[in-house]
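The structure under discussion appears below in the form of structure tokens.
The sequence lines fix the lettering, A, B, ..., with proteins before strands; numbering per chain opens at 1.
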There are 2 protein chains.
Amino acid sequence: MNEGVEWALHSCLNLAWIGEERAVTAARLAGYHELPPAYLNKQLQSLVRAGILSSVPGCQGGFRLARSLDRITLMDVVTAIEGPDEAFRCTEIRGQGPGATTGRPTAECAIADAMGRADLAWRRELAAQTLADVRARAERQAPGAPDRIRRWFADL
Amino acid sequence: MNEGVEWALHSCLNLAWIGEERAVTAARLAGYHELPPAYLNKQLQSLVRAGILSSVPGCQGGFRLARSLDRITLMDVVTAIEGPDEAFRCTEIRGQGPGATTGRPTAECAIADAMGRADLAWRRELAAQTLADVRARAERQAPGAPDRIRRWFADL
DNA sequence: ACATCCTGGATATTAATCATCCAGGTTACG
DNA sequence: CGTAACCTGGATGATTAATATCCAGGATGT
Ligand code: SF4
Ligand code: SF4
């Protein structure tokens, strides 16, 4: 799994803690965790395309949340960064070699089915958790974090 | 996800269909789906280390199932090939940069928690399905396959 | 006008995967 | 025995994907 998912999740939470007042620069978000700014920018763009963040170009521009955390699921973020493909990619080896079946009913494959079922369980669990849930739990575990973050992003 | 998982699953099913009479060579298993023989051999070795297959060296040697299909879950095969790591790997970006927390309670991280929960759902679903289940469904979908496979592996 | 900052594509760098090869040990068979 | 078949495990190389940077273009505040 792409590590951009981790960056994206942290950035979304940080944006929520900072507040809605003004957009935050990609460089600033990157700086907080010492991430490569240009690369994080790319991930943020993916979030924009997915409608999770909105971006404002130009001076004093940056990124902000496009909707509240309770309307963003983990699934949304993962899909935005990783794409829609599932983990198990079938290369159709059944269709090559002496064992090739004449018709090629990919849809009726017990193996791909079974793996797809597991993938579905994974996605269901991701979709069941919103970033608001995650934030609530994070604040319970580290009550001081929100203030510290707000302060760091506040002074220039 | 490593494509070796797909190879391994197909090979296990093929071995079951061939029967217990004699061990089957890696080259033969590879030939059936036109897979690179030396590389498939490596994946089969992983299955042996995991106790899913047993290997017999020497002339007339090869691989065979170490236990019946109803005692092999998808989780077993995936773990054997992919290793024990979960998909979401945390790179601890929280611990670097200005946002670093003094103590580093990795265990108490809301984000890793949430991702881990989804991973658990995935593993649970994989562990709930045995290869016997998959085989049964495969035979219902393609009743002719077992015979065809047995025949191909039979003539030298 | 000017500095700032997102956008998107091109490009370079690095790591993981995929694949092959070889020396060593083991077994069947004549 | 001796030879051919075949697994084992490590080393090695090729291919592809992930990671990271760069730059020209457009938008926006001051
Ligand atoms: S049998 Fe299933 S897993 Fe195997 S190649 Fe066909 S679709 Fe893919
Ligand atoms: S906060 Fe959680 S996801 Fe983020 S770096 Fe720490 S352990 Fe990893």
Side-chain angles (χ1 to χ4, degrees), chain A residues 1-8 11 15 21-31 33-66 78 80-83 85 87-91 93 96 153 156, chain B residues 1-8 11 15 21-31 33-66 78 80-83 85 87-91 93 96 153 156:
Chain A
M1 162 163 290
N2 195 320
E3 71 182 308
V5 172
E6 189 181 356
W7 302 359
S11 295
L15 281 171
E21 308 106 28
R22 56 182 170 185
V24 182
T25 260
R28 218 105 81 81
L29 283 170
H33 291 304
E34 286 178 357
L35 303 174
Y39 194 29
L40 175 64
N41 189 354
K42 279 230 172 316
Q43 317 284 5
L44 296 177
Q45 282 181 41
S46 297
L47 295 180
V48 170
R49 270 188 290 270
I52 295 170
L53 299 185
S54 69
S55 64
V56 3
C59 191
Q60 299 285 10
F63 297 88
R64 59 172 45 134
L65 289 167
V78 169
I81 303 291
E82 291 269 275
D85 297 347
F88 179 80
R89 60 193 151 142
C90 168
T91 47
I93 66 175
Q96 54 192 234
F153 280 97
L156 196 52
Chain B
M1 163 165 290
N2 196 321
E3 72 181 308
V5 172
E6 189 182 357
W7 301 359
S11 295
L15 281 172
E21 308 106 28
R22 55 181 172 185
V24 183
T25 260
R28 218 104 81 79
L29 283 169
H33 290 303
E34 287 178 355
L35 303 174
Y39 194 30
L40 175 64
N41 190 351
K42 281 236 171 309
Q43 318 283 5
L44 296 178
Q45 284 181 41
S46 297
L47 295 180
V48 171
R49 271 189 289 271
I52 295 170
L53 299 185
S54 70
S55 63
V56 3
C59 191
Q60 300 283 15
F63 297 88
R64 58 173 43 135
L65 290 168
V78 169
I81 303 290
E82 290 271 275
D85 297 347
F88 179 80
R89 60 192 153 141
C90 169
T91 46
I93 66 176
Q96 54 191 235
F153 280 98
L156 197 52

Quick one: B:Leu40 CG to D:dC7 P, roughly how many Å, whole number?
-> 10 Å
Return no unless some side-chain N or O of A:Thr25 is found under 4.0 Å from OP1 or OP2 of C:dC6.
-> yes
Report yes if at least one side-chain N or O of B:Arg28 is closer than 4.0 Å to OP1 or OP2 of D:dC6; otherwise report no.
-> no
Where A:Arg89 and B:Glu6 come nearest, the two heavy atoms and their spacing | O-OE1, 3.7 Å
Over all heavy atoms of both residues, which pair between B:Ile93 and A:His33 is shortest? Give the atoms and the distance, please.
-> O-ND1, 3.1 Å
Counting any heavy atom closer than 4.0 Å, what does A:Arg89 reach on the DNA or RNA strands: base, sugar-phosphate only, or nothing?
-> sugar-phosphate
Base, sugar-phosphate alone, or nothing: which one does A:Ala23 contact when heavy atoms must sit under 4.0 Å apart?
-> nothing
Provide, to the nearest angstrom, the distance between the CZ atom belonging to B:Arg22 and the C1' atom belonging to C:dC29.
-> 16 Å
Could you tell me the separation between the CG atom of A:Leu47 and the P atom of C:dC6, rounded to a whole number of Å?
-> 13 Å
Give the rounded distance in Å between these two atoms: CZ of B:Arg64 and C1' of D:dC6.
-> 14 Å
When every non-hydrogen atom of B:Ala80 is compared with those of B:Ala50, the smallest separation belongs to CB-CB, 3.5 Å
When rounded to whole Å, the CG to P distance for the pair B:Leu29 and D:dC6 reads 12 Å
Contacts of B:Ser55 and A:Met1 projected onto DNA chain D by closest heavy atom; the upstream (5') one is B:Ser55
Rounded distance in Å - CG (A:Asn41) to P (C:dG8) | 10 Å
Describe the nucleic acid contact of B:Asn2 in one word from base, sugar-phosphate, nothing, applying a heavy-atom distance below 4.0 Å.
-> sugar-phosphate
Identify all pairs in which a protein N or O lies below 3.5 Å from an N or O of nucleotides 20-28 of chain D, and state each distance.
from   : atom 1 : to      : atom 2 : distance (Å)
D:dT28 : O2     : A:Cys59 : N      : 2.9

Residue list, side chain to side chain contact (heavy atoms under 4.5 Å, CB included) with B:Gln45, at least two apart or on another chain = B:Asn41, B:Arg49
Grab the CZ-P distance between B:Arg49 and D:dG10 for me, whole Å please.
-> 8 Å
Give B:Ala26 one of three labels, base, sugar-phosphate or nothing, depending on what nucleic acid heavy atoms sit under 4.0 Å from its own.
-> sugar-phosphate
d(CG, B:Leu53; P, D:dC7) in whole Å = 11 Å
Checking all strands, does B:Gly62 fall into the base, sugar-phosphate, or nothing category for heavy-atom contacts under 4.0 angstrom?
-> sugar-phosphate
